[in-house]
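Here's the structure, in structure tokens; my notes come after.
Below, each value reflects all heavy atoms present in this structure, side chains not excepted, and no hydrogens, waters or symmetry copies. If you're wondering where the values come from, they're calculated on a predicted model, not measured in any experiment.
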Amino acid sequence: MSGELPPNINIREPRWDQSTFVGRANHFFTVTDPRNILLTNEQLENARKIVHDYRQGVVPPGLTENELWRAKYIYDSAFHPDTGEKMILIGRMSAQVPMNMTITGCMMTFYRTTPAVLFWQWVNQSFNAVVNYTNRSGDAPLTVNELGTAYVSATTGAVVTALGLNALTKHVSPLIGRFVPFAAVAAANCINIPLMRQRELKVGIPVTDENGNRLGESAQAARQAITQVVVSRILMAAPGMAIPPFIMNTLEKKAFLKRFPWMSAPIQVGLVGFCLVFATPLCCALFPQKSSMPVTSLEAELQAKIRETHPELRRVYFNKGL
């Protein structure tokens with residue numbers, strides 16, 4: 001190996017200790033940084049080349065350790081960890097803040113009429129479907145038919161649930177009515193994520209030992225992964241949908257918004273964005289990206305296979321997705 005860098009920097013793992021919440025938070029603040037979506041294809045490909053070359057033992061002259069880690073995090077923000085494919089721009093976690101602040105702000109501003117609720121819930125669930133597909137676990141490809149079925153079932157189920165909950169706004173106070181979109185989003189996430197990742201529940205996701213050696217596929221691991229993602233996504237939406245209603249309810253009684261009612265949507269979008277800047281990485285950090293479970297919790301057939309080939313193994317690891 002040539003160059004100034006030592007050969008033993010493990011860039012297959014995050015820079016910070018992932019066994020602690022603080023370490024995971026530092027990792028996701030870097031990965032979900034909205035500025036990452038402004039990077040050009042040339043910058044992304046250059047980062048990919050640096051990462052791949054370093055893994056092969058090739059280092060460009062003059063490359064520093066900080067530059068190597070910067071390249072690794074640019075790579076992680078744009079390329080799927082299992083397939084290595086470049087992810088759809090709006091599906092990347094770095095696009096969560098700008099996309100969600102716009103969609104959520106509009107959902108919470110235009111919630112009084114059924115057509116508006118239907119449109120913005122459909123936009124939100126379509127966006128969620130893209131994010132859920134982009135950040136799935138595993139490397140098995142989906143057919144166009146499977147993807148189409150998953151999208152239709154996920155968005156239809158989520159939108160119907162959201163519309164049912166939004167119908168409650170006619171029977172509650174205006175302040176409580178502002179919280180109904182959050183309840184709708186929480187319920188819809190419980191439907192959208194499993195349906196967009198239903199193939200994982202059927203055929204399983206790759207599980208490995210601590211060193212990344214593949215041991216097989218497990219649907220039990222997929223269930224744990226999807227459950228963790230559902231919890232983190234609901235909590236991710238909570239601050240942006242729970243805090244602004246109180247603020248907006250107060251502001252709408254003031255003279256300013258009565259005089260300039262068109263400012264309601266921009267203010268709401270801005271408040272949601274501020275909340276999401278912190279909620280997105282912190283909620284991604286609730287569970288390790290490289291999740292694990294005991295061998296005894298796996299399917300009996302896979303347990304038997306692992307006991308035969310790796311009798312000393314107690315835990316398996318897998319990418320839970322985001």
Side-chain angles (χ1 to χ4, degrees), residues 21-22 24-38 77 89-112 116-117 120-121 123-128 130-132 134-135 158 162 165-166 169 173-190 192-193 228-254 256-257 261-287 289 322:
F21 176 75
V22 172
R24 295 194 296 271
N26 279 323
H27 168 70
F28 282 111
F29 265 109
T30 308
V31 171
T32 64
D33 187 338
R35 293 173 296 180
N36 288 336
I37 62 173
L38 301 176
S77 76
L89 181 64
I90 64 169
R92 300 173 194 168
M93 293 310 290
S94 51
Q96 280 285 290
V97 172
M99 291 296 297
N100 262 332
M101 67 184 281
T102 304
I103 295 171
T104 304
C106 290
M107 283 172 59
M108 295 175 70
T109 302
F110 309 112
Y111 67 93
R112 291 182 174 89
V117 169
W120 285 108
Q121 285 291 347
V123 170
N124 184 52
Q125 294 309 322
S126 294
F127 169 65
N128 283 342
V130 172
V131 173
N132 296 335
T134 304
N135 294 281
L165 284 167
N166 271 279
T169 57
S173 69
L175 179 59
I176 298 299
R178 287 183 178 277
F179 287 96
V180 173
F182 170 61
V185 166
N189 270 332
C190 295
N192 194 314
I193 295 172
Q228 290 177 346
V229 170
V230 168
V231 170
S232 63
R233 289 283 192 82
I234 290 173
L235 294 176
M236 193 184 296
M241 300 192 83
I243 296 171
F246 286 111
I247 299 173
M248 292 305 298
N249 207 52
T250 302
L251 289 178
E252 286 181 355
K253 296 173 185 175
K254 306 292 183 184
F256 177 75
L257 276 187
W262 58 270
M263 284 294 293
S264 178
I267 291 173
Q268 187 129 254
V269 168
L271 289 170
V272 171
F274 179 78
C275 292
L276 284 171
V277 165
F278 298 97
T280 300
L282 292 177
C283 290
C284 282
L286 288 174
F287 305 101
Q289 176 76 44
L322 286 173

For residues Leu286 and Leu235, report the shortest heavy-atom separation together with the two atoms involved.
CD1-CD1, 3.6 Å

Closest non-hydrogen atoms of Pro98 and Ile37, given as atom of the first, atom of the second and distance, are CG-CD1, 3.9 Å

Whether the side chain of Asn36 engages the backbone of Thr30 through a donor-acceptor N/O pair (distance < 3.5 Å, no angle test) should be reported.
yes

Roughly how far, to the nearest 0.5 Å, is the CG atom of Asn100 from the CD1 atom of Ile90?
11.0 Å

Closest heavy-atom pair, Phe127 versus Met99, reported as atoms and distance to 0.1 Å, is CZ-CB, 3.4 Å

Going by heavy atoms in the side chains, are Phe29 and Thr280 under 4.5 Å from each other?
no

Closest heavy-atom contact between Leu282 and Ala25?
CD2-CB, 4.0 Å

Worked verdict on Met236 versus Cys284 for side-chain contact (heavy atoms from CB on, under 4.5 Å)
CA-CA 8 Å; Met236 193 184 296; Cys284 282; 3.8 Å; yes

With a cut-off of 6.0 Å (strictly less than), are more than 12 heavy atoms of other residues, nucleotides or ligands near CZ of Phe274?
no

Just do the side-chain contact (heavy atoms from CB on, under 4.5 Å) check on Thr32 and Gln96 with the steps written out, would you?
CA-CA 8 Å; Thr32 64; Gln96 280 285 290; over 6 Å; no

Might you work through the side-chain contact (heavy atoms from CB on, under 4.5 Å) test for Phe28 and Gln289, ending with a clear yes or no?
CA-CA 10 Å; Phe28 282 111; Gln289 176 76 44; 3.6 Å; yes

Kindly indicate, with the supporting measurements, whether the criterion side-chain contact (heavy atoms from CB on, under 4.5 Å) is fulfilled by Val131 and Arg233.
CA-CA 11 Å; Val131 173; Arg233 289 283 192 82; 3.1 Å; yes

Considering non-hydrogen atoms only, spot the tightest contact between Pro34 and Val97 and give its length.
CG-CB, 4.0 Å

Quick one: does any side-chain atom of Ser232 pair with a main-chain N or O of Val229 as donor and acceptor, under 3.5 Å?
yes

In terms of heavy-atom contacts, Leu89 and Ala95 come closest through O-CB, 3.5 Å

